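Some notes on the structure that comes next.
The first residue in the sequence is number 1, and the count goes up from there. Treat the numbers as computed from the prediction; the structure is a model and nothing was measured.
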Amino acid sequence: MKKALLPILFLLPFISFSQSIKQRLSKDSIAYYQKQLRQMTIDTYDSLKNSEKYKEILGKLNQNPKNYTSNFGVELTVFAGLQINNYNSLNARLKSLNVKEQKKLLMPIGVGLAFRFNKIIFGYDMTPAMIGNNSSGAYFHGYVSTNMIKAKNWIFSPQFGYGGQNFTVRIPTQSSSINFNSYFTTSANQVEVRHSTSVLDFALAVKLHIPKREPYIPLFRAGYRYGLKNKTWEVRNGTSTNAPLDRNSNFYLQLMFGFGD
């Protein structure tokens with residue numbers, strides 16, 4: 001029994017001492033020590049930030065911020081611009097027939113959607129409308145790209161793609177007929193020809209990265225499409241022989257509006 005009481009008797013002075021301390025601490029003293037504790041926490045954090053090891057680890061992370069962000073991203077764009085086509089063979093034939101040559105300039109309008117998997121981007125563009133003087137067309141293509149080439153806040157994104165394009169050219173012609181019905185039976189005052197071909201598409205897109213944020217903004221794209229094969233111009237609603245052949249390779253420049261991450 002005496003042995004059991006010894007620990008209790010030993011602890012009683014400490015218990016009474018701690019109670020006396022609590023009783024002696026005023027509210028002002030408690031607030032003072034709490035303030036001291038907060039200051040110690042701030043000083044400790046500042047010391048950590050200024051340590052060489054902390055700076056080394058943070059520097060390695062900042063070299064590649066994608067290490068701790070998502071490896072998947074989406075890019076959505078709307079674009080419009082100018083395109084210079086190559087109607088060389090068609091215009092040479094028209095010139096030999098004393099028919100006015102066709103202008104090569106078109107204005108494409110389209111939308112694009114791309115998905116990023118780590119550092120590789122897979123995209124698809126649809127250009128349902130190409131508008132020009134007596135000309136129109138459409139273009140669809142897929143491409144592979146990357147955003148790895150950077151200079152400060154600028155991203156230079158090379159693109160390599162494959163697609164198909166088609167063009168329709170309406171060529172006015174002269175007619176000496178004075179009978180109204182003859183315009184629909186024997187004479188024509190306009191001939192419509194079409195051309196379709198597959199192309200390889202080489203382009204460079206320029207994008208602006210927003211500082212301290214992950215998204216970027218596509219700004220413009222310049223490129224060249226190479227026709228893979230000389231294809232015949234076909235007369236719409238008719239058949240023909242000895243028609244001219246063209247590749248219809250072209251240069252283009254587009255303004256882009258959208259976002260990506």
- Message: Which residues pass the side-chain contact (heavy atoms from CB on, under 4.5 Å) test with Ser196, not counting sequence neighbours?
- Response: Asn166
- Message: Filter on ring-ring contact (aromatic ring centres under 6.0 Å, His included), then keep only pairs touching residues 237-261, sequence neighbours left out; what's left?
- Response: Tyr224-Phe251
- Note on the structure: ring-ring contact (aromatic ring centres under 6.0 Å, His included) pairs touching residues 109-139, sequence neighbours excluded, are Phe72-Phe117, Tyr139-His141
- Pairwise side-chain contact, Tyr143 with Asp201, heavy-atom cut-off 4.5 Å (strictly under): no
- Any Ile210 side-chain heavy atom under 4.5 Å of Tyr216 side chain: no
- Query: Okay, side chain of His195, backbone of Glu234: is any donor-acceptor separation there less than 3.5 Å?
  - Reply: no
- Does a side-chain heavy-atom distance below 4.5 Å link Gln165 with Asn250? yes
- Item | Set of side-chain contact (heavy atoms from CB on, under 4.5 Å) partners for Arg236, sequence neighbours left out | Glu192, Arg194
- Linking I/L/V/M/F/W/Y whenever any side-chain heavy atoms sit under 4.5 Å apart, do Leu105 and Phe220 land together? no
- Note on the structure: Sorted by chain and residue number, the side-chain hydrogen bond (donor to acceptor under 3.5 Å, both in side chains) partners of Gln102 (sequence neighbours excluded) come out as none
- Note on the structure: Here the pair of heavy atoms bringing Gln254 nearest to Pro108 is NE2-CG, 4.4 Å
- Aromatic Phe202 / basic Arg225 pairing, under 6.0 angstrom, 45° off normal: no
- Message: Under the side-chain hydrogen bond (donor to acceptor under 3.5 Å, both in side chains) definition, can you give me all pairs with a residue in residues 86-98, not counting sequence neighbours?
- Response: Asn85-Tyr87, Asn86-Asn88, Asn88-Lys104, Ser89-Asp246
